[in-house]
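Residue numbers run from 1 in the order of the sequence given. All figures in this text were calculated on a predicted structure; none of them were measured in a lab.
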Amino acid sequence: MNETKKLIQQITEGIQDKKGKNIVIADLSKIGDTICNYLVICQGNSPSQVTAIVESVREFTRKGANSKPFAIDGLRNAEWVAMDYSDILVHVFLPETRDFYNLEHLWADAKLTQIPDID
């Protein structure tokens, strides 16, 4: 398994560990002029759950893939937190904020993979 796939797996596990929902992985690698190759998009039901998901992703990627984000933005109000892993951008939303920005629609030409929720 290459490093990018391993990192995506660790990000997904970190999200699922804190019961993050509606995980979508957008593969942008075949699209020109993008700032990254993958987007991982998910949501939490409250600002505290969004923050917990971000901390879980940070921990899972550090332990499981020996990787740390270059930057994390949006923790102050935790409606939309972006984590920059260079090749992968992780977006953790509140449901209404996710609906408003609708990143999946913006990147509709990407290959989208839906990860089933763990209940």
Do Val24 and Ile115 share a hydrophobic cluster, counting only Ile, Leu, Val, Met, Phe, Trp and Tyr and linking them when any side-chain heavy atoms are less than 4.5 Å apart? no
Other than Ile31, what residues sit in its cluster of Ile, Leu, Val, Met, Phe, Trp and Tyr side chains whose heavy atoms are under 4.5 Å apart, directly or through others? Leu28, Ile35, Leu39, Ile41, Trp80, Leu89, Phe93, Phe100, Tyr101, Leu103, Leu106, Trp107
Heavy-atom nearest pair, Pro69 first then Met83, reads CG-CE, 4.3 Å
Filter on ring pair (Phe, Tyr, Trp, His ring centres under 6.0 Å), then keep only pairs touching residues 37-79, sequence neighbours left out; what's left? none
Kindly give the heavy-atom pair with the smallest separation between Pro95 and Asn45, and that separation in Å. CG-OD1, 4.1 Å
Quick one: NZ on Lys68 to CG on Asp84, what's the gap to the nearest 0.5 Å? 14.0 Å
When you check the gap from the basic side-chain N to the acidic O, do Glu3 and Lys6 get nearer than 4.0 Å? no
Near Asn77 CG, under 6.0 Å, is it more than 12 heavy atoms from other residues, nucleotides or ligands? yes
Asp73/Val81 under side-chain contact (heavy atoms from CB on, under 4.5 Å): CA gap, chis, key distance, verdict: CA-CA 6 Å; Asp73 195 24; Val81 179; over 6 Å; no
Side-chain heavy-atom pair Gln49, Lys19 within 4.5 angstrom cut-off: yes
Just by distance, do the side chain of Thr34 and the backbone of Asn37 share a donor-acceptor pair under 3.5 Å? no
Applying a strict under-4.5 Å side-chain criterion to I, L, V, M, F, W and Y, I'd like to know whether Ile23 and Ile88 cluster together. yes
What are the two closest non-hydrogen atoms of Ile118 and Lys21, and how far apart are they? O-NZ, 3.5 Å
In Å, rounded to the nearest 0.5 Å, how long is the span from NZ of Lys5 to CG of Leu7? 11.5 Å
Point-to-point distance, once rounded to the nearest 0.5 Å, from OG1 of Thr61 to CD of Gln10: 8.0 Å
Nearest-0.5 Å distance, SG of residue Cys42 to CZ of residue Arg98: 7.0 Å
Inter-residue atom distance Glu104.CD - Leu112.CG, 0.5 Å rounding: 7.0 Å
Just checking, any donor-acceptor pair under 3.5 angstrom between side chains of Ser67 and Tyr85? no
Please set out all donor-acceptor pairs under 3.5 angstrom arising from side-chain atoms of residues 51-58, sequence neighbours excluded.
{"residue": "Thr51", "atom": "OG1", "partner": "Pro47", "partner atom": "O", "Å": "3.0"}
{"residue": "Ser56", "atom": "OG", "partner": "Gly14", "partner atom": "O", "Å": "2.7"}

Give, for atom CD of Gln43 and atom CD of Glu96, the distance between the pair rounded to the nearest 0.5 Å. 9.0 Å
Could you walk me through whether Asp99 and Thr97 satisfy the side-chain contact (heavy atoms from CB on, under 4.5 Å) test, starting with their C-alpha distance in whole Å, then the side-chain angles of each, then the deciding distance to 0.1 Å, before giving a yes or no? CA-CA 5 Å; Asp99 289 344; Thr97 308; over 6 Å; no
